[in-house]
Protein chains: 2
Amino acid sequence: MSEFSANIPAALQWRGETDGYLEILDQTLLPVRAEQICCRDVPTVVEAIKLLRVRGAPAIGIAGAYGMVLAAAEARRQHLPAAAAVAHVKDRAGELATARPTAVNLRWAVDRLLQMVGSAGSPPDPDQLAESLLAEARLVHAEDRDLCTAIGRHGAALIPAGDILTHCNTGSLATGGDGTALGVIVTAWNQGRRFQVFADETRPLLQGARLTAWELVQRQIPVTVLVDGAAAHLLKTGRVGCCVVGADRITANGDTANKIGTYGLAVAARAHGVPFFVAAPSSSFDLTLATGEAIPIEERAATEVLAPLGVPAAPAGAEAFNPAFDVTPAELITAIVTERGIIRDVGPATVAAVLGG
Amino acid sequence: MSEFSANIPAALQWRGETDGYLEILDQTLLPVRAEQICCRDVPTVVEAIKLLRVRGAPAIGIAGAYGMVLAAAEARRQHLPAAAAVAHVKDRAGELATARPTAVNLRWAVDRLLQMVGSAGSPPDPDQLAESLLAEARLVHAEDRDLCTAIGRHGAALIPAGDILTHCNTGSLATGGDGTALGVIVTAWNQGRRFQVFADETRPLLQGARLTAWELVQRQIPVTVLVDGAAAHLLKTGRVGCCVVGADRITANGDTANKIGTYGLAVAARAHGVPFFVAAPSSSFDLTLATGEAIPIEERAATEVLAPLGVPAAPAGAEAFNPAFDVTPAELITAIVTERGIIRDVGPATVAAVLGG
C-alpha cells in the first residue's frame with residue numbers, strides 16, 4: 001500500500017462480523033459528494049452493482065464475495081434450516097454473478113465463495129457457513145489489495161518516460177487496493193517518477209473525469225482530463241510515453257474487453273508507436289474463452305448516451321448505440337501486467353506461461 | 001434544395017434591407033429550444049460566433065459576411081463621413097475575421113466583402129457601400145446554398161452501400177444550404193438510398209447529439225447517436241459502409257482540420273478498411289498553407305470538458321486539454337468532395353487540379 005492510500009476512501013468495506021454489513025462508496029455521486037450506502041441484503045448489493053454505485057472489475061468481484069456473506073445472513077434472519085440455507089445462498093449466488101455480464105471477476109469471486117457452501121446433501125451449520133463465507137470474502141478482498149501492489153510494482157518497472165494516458169477508472173475505487181492501471185501509475189509516482197496523467201473522460205459515464213481525476217487530485221498527482229475524441233490528437237503531439245488501461249475480461253489469447261473507447265485508443269496508440277499496456281489481476285482472465293469474439297458485451301440504457309449527467313442532449317426520436325465495453329485484440333497490446341508477472345508478445349502461449357493455464 | 005429542407009430552420013437569415021438585421025438560430029439551446037437572436041451590430045455577431053450560437057465553417061463565413069453589412073450600418077447610424085465609415089468597416093472586419101481562428105471560411109468571406117469597401121482615398125458613399133455589401137453577403141449566402149447542392153450531388157454518387165458514420169454537425173445548421181457531409185447524406189437519402197446514420201455525439205459540445213440528430217429527426221432519416229469512444233467498436237462490426245465528415249480548413253496537400261475526434265475516427269476507419277470522405281466547399285481550402293501542421297488549432301475553455309452541458313463532472317484541481325480541432329492527414333482521406341468535383345488520391349497535385357490553385 002502506498003503512503004497516500006489512507007487519503008482515498010475505499011470503494012467498499014465490510015463493517016462488523018457475520019451480522020455486519022457491506023458499506024459501499026456510492027460512486028455515482030462522485031466527485032460532488034462522497035456518500036456511503038449500507039448493504040444488509042443481496043438485492044441492495046445487486047442494485048449497487050447494476051447502477052454502478054460500485055464498479056470496476058476487481059471491486060465488483062469483492063462486492064460479489066461480500067454479497068455471498070449477506071446471502072448467508074439473510075438465511076439466518078429467516079431461520080432457514082441448513083439445507084434451505086444452502087439453497088438460498090446458491091440462488092443468491094446466481095443473482096450476484098449475473099448482475100453484470102462482461103467483467104469475469106464477479107463470477108470468479110462468487111464461484112469461489114460458492115465452493116465454501118458445499119452441497120445441500122451435507123449442509124454446513126448456518127452460523128459456520130456465515131463465518132466461513134466472511135473469512136473467504138475477506139481473503140478475496142485482502143488478496144486483491146496485494147494483487148494491486150504486485151501489479152503496481154511490475155508495471156512501474158515497465159512504463160517508459162513521458163506522460164501517461166489512461167482510460168476509465170482503474171484505481172482504488174475500482175479495486176481493493178491502489179488499483180490496476182492506476183496502481184501502476186501511482187506506484188511509479190510514489191517511486192519518484194514525475195509525469196502528467198492524461199485521463200480520458202470516458203463517456204458515457206465519465207469515470208475518467210469523475211473518478212480517476214478525483215483519485216489523482218486526492219493523491220496530488222497532476223491530472224489533465226480530455227474528451228475521448230481528443231486522445232488521438234494528444235498521441236500525435238508525442239508527449240505521451242505510454243497508455244495504461246485495465247481490463248474487464250481477458251481471453252486465453254490475450255484479447256481484452258475493457259470500457260468502451262479502449263479499442264479506439266489502442267488503434268490510435270499503435271498508429272503513433274506508443275506502447276499500450278493492460279494491467280489486470282489473474283482473476284480477470286477467462287481461459288475458457290479462446291478469443292475476444294466470445295466475450296458478451298453489455299449494452300446499457302440509451303439514456304446514458306442521450307442524456308449526459310441526466311441532462312437531455314439529443315432530440316426525441318434519436319436512437320442510441322451504447323455498448324459498455326469493446327474488445328482490444330491481443331496484437332494491439334504491448335504487454336499485459338498481472339500480479340504474476342508481465343505477459344509480452346501477447347498470445348495463447350505467453351498468456352498460458354504466466355497464468356499457468 | 002431537397003424537398004425536406006423547408007422543415008429545417010435556417011442557421012441564419014438576413015431580415016430586411018440595408019437597415020435590417022441578421023437573425024441567428026441560437027444553436028447552443030438546441031435541441032431543447034429553437035430560439036432566434038437578432039444581431040443589429042458587429043459585437044453581437046462576434047459574440048454569437050465565439051459562443052457557438054452559430055457554428056460550422058460555412059455558416060460562420062456567411063455570418064461574417066452579414067457582419068460586414070452591420071459594420072456599414074453602424075457607420076451610417078453614427079453619421080460617419082465616407083472615409084471614416086470605410087475605416088470603421090475595416091476595423092470591424094478584423095474583429096469578425098478573428099472571432100475564431102481555425103475555420104478559414106470566416107476570413108475568406110470577410111476578405112471577400114472587404115474588397116467591396118475600397119480604399120479610404122476614394123471612399124464609396126456610405127449608402128452605396130451598405131448596399132453593395134448586402135448584395136455581396138447575399139451572394140455569399142446563396143452561393144453556399146448552391147455549393148451544398150453540388151457537394152451533395154457529387155458525394156451521393158460516391159458513397160458505397162451500408163450505414164454511414166458522421167462526426168459533429170455539417171448540415172443546414174452549419175451551412176447556407178443542406179450541408180456539406182450531411183448534405184451528402186441527405187442527398188443520398190432523397191435519391192432513395194436507405195441506411196442508418198450513426199452520429200458521433202462529438203464531445204465536448206455534443207454537436208452530433210444535439211444538432212445532427214435534431215436535423216435528421218426533422219428530416220425523418222433514422223439516426224443513432226453513439227459516444228465518440230464507441231466509433232471504433234462500431235466500425236469493427238462491419239455495418240458502416242463509410243465515414244463522411246466536414247472540414248474547417250484544408251491545406252494545399254489535402255490535410256484537413258475538423259472538429260476534435262475526426263482524426264481518431266479516420267485512424268480507426270483506416271484500420272477497418274472503411275472509406276473516409278471529407279466534404280467541403282472550395283472556400284474551406286487554404287492553399288497558402290502547405291500542410292496541416294501550419295493550421296492554428298483553437299484551444300477552448302476547460303469548462304467545456306470539465307462541466308458537460310454545464311454540470312460539473314470533474315473535481316476541483318483537475319486540468320483540461322481542450323483543442324477544438326484536430327488535423328487528419330491527407331493519406332487517411334479516401335476522397336474530398338467539393339462543389340467543383342471529387343479529389344481522389346488526395347495530395348498537392350490532385351487538390352490543385354480540382355481547385356484550380
Side-chain angles (χ1 to χ4, degrees), chain A residues 30-32 167 196 198-204 206 209-210 213-214 216-218 222-234 236 259-268 270-271 297 302 304-306 308-323 325-327, chain B residues 30-32 167 196 198-204 206 209-210 213-214 216-218 222-234 236 259-268 270-271 297 302 304-306 308-323 325-327:
Chain A
L30 285 174
V32 178
H167 192 73
Q196 179 78 217
F198 285 95
D200 277 349
E201 65 172 8
T202 317
R203 278 277 290 149
L206 299 166
R210 294 193 302 109
W214 184 77
L216 290 171
V217 166
Q218 305 265 321
V223 58
T224 298
V225 179
L226 62 154
V227 299
D228 304 312
H233 178 70
L234 174 66
K236 202 196 233 180
K259 180 58 55 199
I260 190 73
T262 303
Y263 170 52
L265 184 61
V267 170
R270 171 58 52 91
I297 299 292
E304 290 182 357
V305 174
L306 302 178
L309 297 166
V311 182
E319 305 283 325
F321 174 62
N322 189 22
F325 303 94
D326 56 27
V327 174
Chain B
L30 285 175
V32 179
H167 192 73
Q196 178 78 218
F198 285 95
D200 277 350
E201 65 173 7
T202 317
R203 279 278 290 148
L206 299 165
R210 293 193 302 109
W214 183 77
L216 290 171
V217 165
Q218 305 264 324
V223 58
T224 298
V225 179
L226 61 154
V227 299
D228 304 312
H233 177 69
L234 174 65
K236 202 196 233 178
K259 180 56 55 198
I260 191 73
T262 303
Y263 171 53
L265 183 62
V267 170
R270 171 59 53 92
I297 299 291
E304 290 183 356
V305 174
L306 303 178
L309 296 165
V311 183
E319 304 283 326
F321 174 63
N322 189 23
F325 303 93
D326 56 26
V327 174

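Letters A, B, ... are given to chains in the order of the sequence lines, protein chains preceding strands, and every chain is numbered from 1. Only a predicted model underlies this, so the values are computations on that prediction, with no experimental measurement involved.
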Name the member of [options] that forms the most heavy-atom pairs with chain A at distances under 4.5 Å.
options                           : answer
V305(B), D200(B), V225(B), L30(B) : V225(B)
I297(B), I260(B), D228(B)         : I260(B)
L234(B), T202(B), V32(B)          : L234(B)
A316(B), A209(B), P312(B)         : A209(B)
G229(B), G264(B), P222(B)         : G229(B)

- Message: Checking R203(A) now: which residues fulfil side-chain hydrogen bond (donor to acceptor under 3.5 Å, both in side chains) with it, not counting sequence neighbours?
- Response: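 Scan of R203(A) (side-chain hydrogen bond (donor to acceptor under 3.5 Å, both in side chains), adjacent residues dropped) gives E201(B).
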- Run the numbers on V311(A) and V311(B) for side chain to side chain contact (heavy atoms under 4.5 Å, CB included), then give the verdict. CA-CA 8 Å; V311(A) 182; V311(B) 183; 3.6 Å; yes
- Item | H233(A) to P323(B) - nearest heavy-atom pair and separation |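 Reported closest heavy-atom pair: CD2-CG, 3.7 Å.
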- Shortest non-hydrogen separation from A314(B) to P31(A) and the atoms involved: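 Taking every non-hydrogen atom into account, C-CG, 3.7 Å.
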- For chain B, which of A318(A), A302(A), G317(A) has the most heavy-atom pairs under 4.5 Å?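 Most heavy-atom pairs under 4.5 Å with chain B: A318(A).
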- Task: Kindly indicate, with the supporting measurements, whether the criterion side chain to side chain contact (heavy atoms under 4.5 Å, CB included) is fulfilled by K236(A) and D326(B).
- Result: CA-CA 10 Å; K236(A) 202 196 233 180; D326(B) 56 26; over 6 Å; no
Heavy-atom distances under 4.5 Å only: say whether [X] touches chain B with side chain, backbone, both or neither.
X       : result
V217(A) : side chain
A231(A) : neither
P204(A) : both
A271(A) : side chain

- Message: Could you check whether atom CD of Q196(A) has more than 12 heavy atoms from other residues, nucleotides or ligands sitting under 6.0 Å from it?
- Response: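 Check passes, neighbour count above 12.
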- Query: So how far is it from L306(B) CG to L206(A) CG, rounded to the nearest 0.5 Å?
  - Reply: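 Separation between the atoms: 10.5 Å.
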- Partner set under ring pair (Phe, Tyr, Trp, His ring centres under 6.0 Å) for F198(B), not counting sequence neighbours: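 Scan of F198(B) (ring pair (Phe, Tyr, Trp, His ring centres under 6.0 Å), adjacent residues dropped) gives none.
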- Query: Checking heavy atoms, do the side chain of A199(B), its backbone, both or neither come under 4.5 Å from chain A?
  - Reply: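 For A199(B), neither part sits under 4.5 Å from chain A.
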